[in-house]
Amino acid sequence: MKEENKKVSKLFRKRWVVPSIYLLSAALILTGVLWFQSKTNDIVQPPVDEAEQGTAVNEPDSVPVQQAVEQIVMPVLDPNAVEIAKPFYDFNAPAEEQEAALVSYNDEYYPNKGVDIAMKNGESFDVTASLSGTVIKAEKDPIFGYVVHLQHDRGVVTVYQSLTDVQVKTGDTVKQGQVIAKAGTNEFNKEAGVHVHFEIRKDGQAVNPVAYFDQPLSALENNEQQTTEQQAEQQAEQQETNQSETNEQEADPSSTVPDASIGMART
């Protein structure tokens with residue numbers, strides 16, 4: 001035992017023994033750390049939420065999830081420079097307003113199904129798309145002048161008549177505010193001079209454009225049920241009126257029934 005202790009003492013007296021022990025200890029510690037890290041990396045990580053990253057994997061630059069909803073606007077570059085030359089014919093409006101919304105053509109009067117827009121100085125102006133959409137009609141009409149129809153969502157179509165210098169064709173996709181033509185004249189409403197006739201049709205039914213300017217397309221759907229109910233009431237009232245007139249005529253055959261048609265007057 002004493003001889004072994006003497007051997008150990010002699011060994012530690014040598015200069016290279018202690019540094020060697022330190023180096024060996026450091027190597028063992030480093031090996032242990034690297035082994036522990038490798039085991040930690042093998043642990044399965046939870047999937048990364050692509051939404052948190054901001055950009056999906058293998059996808060191009062991200063785009064906004066929700067785009068701004070377009071508002072229906074007047075089809076001109078500067079609404080302050082124009083005026084409504086002839087308003088929309090409202091069947092529920094007072095007689096004076098209805099008269100102002102009649103268009104004279106070939107000695108007869110027709111209800112205006114849109115609005116006629118003209119410059120205050122009578123000059124021509126750029127006509128723009130009231131909403132983004134697709135051109136479904138772009139052609140010359142002998143009565144209404146050059147006409148353009150744009151198809152939009154929710155069964156909405158915007159109509160532009162009395163145009164000149166048309167810059168779109170059927171099948172084109174246009175953006176809101178894009179110039180599609182210039183205001184011109186037509187045979188149907190010569191009295192308006194240089195103007196654009198603008199209509200909004202929901203499922204084929206013309207509505208008053210002024211009532212929907214600066215509103216989204218959804219406003220047309222919200223008002224659709226109310227309009228249907230009003231039309232039903234008008235039909236019921238008209239039936240009652242017709243029945244009353246029939247009863248009066250049967251009671252007095254010599255009496256004459258006036259023309260009760262609405263929207264057209266004869267000269």
Side-chain angles (χ1 to χ4, degrees), residues 63-90 101 103 111-120 124-141 144-186 188-189 192 194-228 230:
V63 296
V65 176
Q66 183 176 5
Q67 297 180 349
V69 177
E70 286 187 348
Q71 308 287 320
I72 302 172
V73 297
M74 188 175 287
V76 296
L77 292 175
D78 183 8
N80 295 323
V82 299
E83 60 184 1
I84 303 297
K86 189 169 289 293
F88 175 83
Y89 187 97
D90 187 348
V103 179
N112 197 18
K113 296 182 179 181
V115 291
D116 296 331
I117 304 172
M119 287 278 286
K120 297 177 181 179
S124 183
F125 54 92
D126 288 329
V127 178
T128 60
S130 178
L131 290 163
S132 299
T134 303
V135 180
I136 58 174
K137 184 177 184 179
E139 62 185 28
K140 182 67 177 293
D141 186 276
F144 301 108
Y146 214 112
V147 299
V148 171
H149 292 194
L150 297 183
Q151 177 72 57
H152 313 285
D153 295 334
R154 303 175 183 267
V156 175
V157 173
T158 51
V159 177
Y160 310 77
Q161 298 176 355
S162 187
L163 302 175
T164 185
D165 191 20
V166 176
Q167 302 180 24
V168 295
K169 63 183 183 300
T170 302
D172 286 351
T173 299
V174 299
K175 297 295 184 180
Q176 184 181 54
Q178 178 180 335
V179 176
I180 60 175
K182 288 185 175 295
T185 60
N186 62 18
F188 183 69
N189 190 5
V194 178
H195 72 287
V196 57
H197 175 80
F198 176 67
E199 297 181 16
I200 298 177
R201 299 176 184 176
K202 175 69 169 73
D203 297 328
Q205 182 69 34
V207 300
N208 187 357
V210 175
Y212 295 98
F213 284 149
D214 300 324
Q215 295 191 49
L217 289 178
S218 58
L220 290 166
E221 291 186 343
N222 295 336
N223 192 49
E224 188 173 7
Q225 183 176 1
Q226 181 179 356
T227 302
T228 302
Q230 291 177 348

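From a predicted model like this one, the values you see are computed outputs, not experimental measurements. Side chains are part of it too, since the values below use all heavy atoms of this structure and drop only hydrogens, waters and symmetry mates.
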I200 and L220, any side-chain heavy atoms less than 4.5 Å apart: yes
Member of I136, V168, V174 meeting the side-chain contact (heavy atoms from CB on, under 4.5 Å) criterion with L150: V174
D165 side chain near Q167 side chain, heavy-atom distance below 4.5 Å: yes
Neighbour count above 12 (heavy atom, 6.0 Å) for D153 CG: no
Any V76 side-chain heavy atom under 4.5 Å of D126 side chain: no
Residue pair V147, V159: steps toward the side chain to side chain contact (heavy atoms under 4.5 Å, CB included) verdict: CA-CA 7 Å; V147 299; V159 177; 5.6 Å; no
K137 versus E139, closest heavy-atom pair with distance: CE-OE2, 2.9 Å
Under 3.5 Å: donor-acceptor pair, side chain of H195, backbone of A183: no
V115 to F88 - nearest heavy-atom pair and separation: CG1-N, 3.8 Å
Side-chain donor/acceptor of E70 to backbone N/O of S130, under 3.5 Å: no
Spatial distance of atom CG (N80) from atom NZ (K120) [nearest 0.5 Å]: 7.0 Å
Passing candidate, side-chain contact (heavy atoms from CB on, under 4.5 Å) with Q151, options V157, T158, V156: V157
Parallel, tilted or perpendicular: rings of F198 and F213 (30°, 60°): parallel
K202 side chain to R154 backbone, donor-acceptor under 3.5 Å: yes
Closest contact, heavy atoms only, A138 versus K169: CB-CA, 4.1 Å
Spacing of CG belonging to N186 relative to CG belonging to D116, to within rounding of 0.5 Å: 8.0 Å
Separation of I84 CD1 from I117 CD1 (nearest 0.5 Å): 4.5 Å
Heavy-atom check, side chain of Q161 versus side chain of E199, under 4.5 Å: yes
Interatomic distance, K113 atom NZ to N208 atom CG [nearest 0.5 angstrom]: 14.5 Å
Closest approach of L131 to Y160 (non-hydrogen atoms, all atoms of both residues): N-OH, 4.4 Å
Student check: side-chain heavy atoms of V103 and F188 closer than 4.5 Å: yes
Beyond-backbone contact of L163 with V196, side-chain heavy atoms, under 4.5 angstrom: yes
Heavy-atom side-chain contact between F125 and D78 under 4.5 Å: no
Atom NZ of K86 with >12 non-hydrogen neighbours under 6.0 angstrom: yes
Under 3.5 Å donor-acceptor, T134 side chain and T173 backbone: no
Closest contact, heavy atoms only, P216 versus V69: CB-CG1, 3.9 Å
Exercise: identify the closest heavy-atom pair between S162 and H197: CB-N, 4.4 Å
Test item: N112 side-chain N/O and A101 main-chain N/O as donor-acceptor pair under 3.5 Å: no
